[in-house]
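Written below as structure tokens is the structure these notes are about.
None of these values were measured; they are calculated from a predicted model. Only heavy atoms go into these numbers, but all of them, side chains included; no hydrogens, no water, no symmetry mates. Quick note: residue numbers are just sequence positions, from 1.
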Amino acid sequence: MTRLTEWLAQVEEEGVEPERAIIDPHHHLWRNKSLDDYELANLWADTMSGHNIVGTVFVECGADYRTSGPVSMRPVGETEYVYAAAEASLRDCAEGKPPILGIVGHADLQLGAAVEEVIAAHLEAGNGLLRGIRHSLAYHPDPPANHYSGRTEHLMMQDDFREGFALLAPAGMTFDAWLMHPQIHELTDLARAFPETTIIIDHFGGPLGVGPYAGKQAEIFPQWKRDVAELASCHNVVAKLGGLAMTINGWGWDKRDLPASSDEIVAAHQDYYLHTIDCFGPQRCMFESNFPVDKLSVSYGVLWNALKKIASRFSEGEKEMMFRTTAERIYRLQP
């Protein structure tokens, strides 16, 4: 048992609505990184948590790239790695051990027209499971989020990026958008320029709570609300509901003796969830785990308890959308 596992085990909760079918549309897998490995067995150790996870979607995280060949093609190694894991998950799936039903890979959209070849290689490697592309947009110059400063500022406004972005819809690809909250207005501009491309905004647009934003969640919240409402006016944009327990969001649970409980998650985060659902509607929202990144603050079972508590005020049909059917529709999944 790892130190993190021991720490998380201090807060145990009985699963809320344990029979509700859930598709987790955002998790990672990796090996051979500076972090501890998080492979299929690790994912399944988390999903066996008192919740009925019936399928998942992997989202790119820079794992297992090819180590040779053209640099532009190296991210295809990640899709090859995850497809092998997906095959194993389909073969061995059981209660608590959900299959990986979709893959979101990475391609450098700044390649412009040349990215078409990379997308084709991903499609071949995914053998029917590739559903979309994520090219991280996150940029922030200040510590401790300055590990994003090496990326291109205002990337979404660049001509080469948009030339590559234009090839997603013809290839049947969605686009997952990972960014910081000061960038949400640029995503709105991108969505309006490409109304035929389905865009999924990850993690509420990354409201920061570190560096110059430390302790200022209440100050940035009103502008965040306005930016999210404006983005929601673009009907090609869908919202993932989760990823708020990352360390960069600044809640500090990772520094405590005890991890977060579901009630603490609800108290700190529900206003973000409810505003986003109000703006997008349940038909354009899907709950996500963002594991194992959020695992630094909360366990998998406790997190899904919090999400179910937040959703308790909605109708059964609305819950079905947010926990399962929106993900099925947007990522074209076949559970």
Return yes when atom [atom1] of [X] has more than 12 non-hydrogen atoms of other residues, nucleotides or ligands closer than 6.0 Å, and no otherwise.
X      : atom1 : answer
Glu13  : CD    : yes
Gln223 : CD    : yes
Glu12  : CD    : no
Asp36  : CG    : no
Gln10  : CD    : yes

If only atom types and distance count, is the side chain of [X] paired as donor or acceptor with the main-chain N or O of [Y] below 3.5 Å?
X      : Y      : value
Gln183 : Tyr139 : yes
Thr326 : Cys285 : yes
His28  : Asn290 : no
Glu78  : Cys61  : yes
Arg284 : Val237 : yes
Asn236 : Thr197 : yes
Trp44  : Cys93  : no
Trp7   : Asp257 : yes
Ser289 : Trp304 : no
Glu117 : Met73  : no

Would you say the rings of His140 and Tyr213 are close, in the sense that their centroids are separated by under 6.0 Å? yes
Could you check whether the rings of Trp224 and Phe204 sit parallel, tilted or perpendicular, using 30° and 60° as the cut-offs? tilted
Identify, with sequence neighbours excluded, every residue that meets salt bridge (charged side-chain N to carboxylate O under 4.0 Å, His left out) alongside Lys308. none
The reported gap from CG in Leu111 to CD1 in Ile119 (rounded to nearest 0.5 angstrom) is 9.5 Å
Got a second to check how far Leu29's CG is from Thr56's OG1, nearest 0.5 Å? 7.5 Å
So if I apply the side-chain contact (heavy atoms from CB on, under 4.5 Å) rule between Val115 and each of Leu167, Ile133, Asp108, Leu168, which one comes out positive? Leu167
Say whether [X] and [Y], considering side chains only, have a donor N or O and an acceptor N or O under 3.5 Å apart.
X      : Y      : answer
Lys225 : His275 : no
Glu39  : Tyr81  : yes
Tyr38  : Asp46  : yes
His185 : Glu230 : no
His269 : Trp251 : yes

Taking side-chain hydrogen bond (donor to acceptor under 3.5 Å, both in side chains) as the test, write out the residues that go with Thr79, two or more places apart. His122
Does Glu320 have any side-chain hydrogen bond (donor to acceptor under 3.5 Å, both in side chains) partners at least two apart in sequence or in another chain, and if so, which? Arg324
Ion pair check, Arg162 and Asp189, cut-off under 4.0 Å: yes
As a quick check of understanding, evaluate salt bridge (charged side-chain N to carboxylate O under 4.0 Å, His left out) for Arg20 and Glu316, giving each step before the final call. CA-CA 10 Å; Arg20 178 172 301 284; Glu316 183 61 29; 3.0 Å; yes
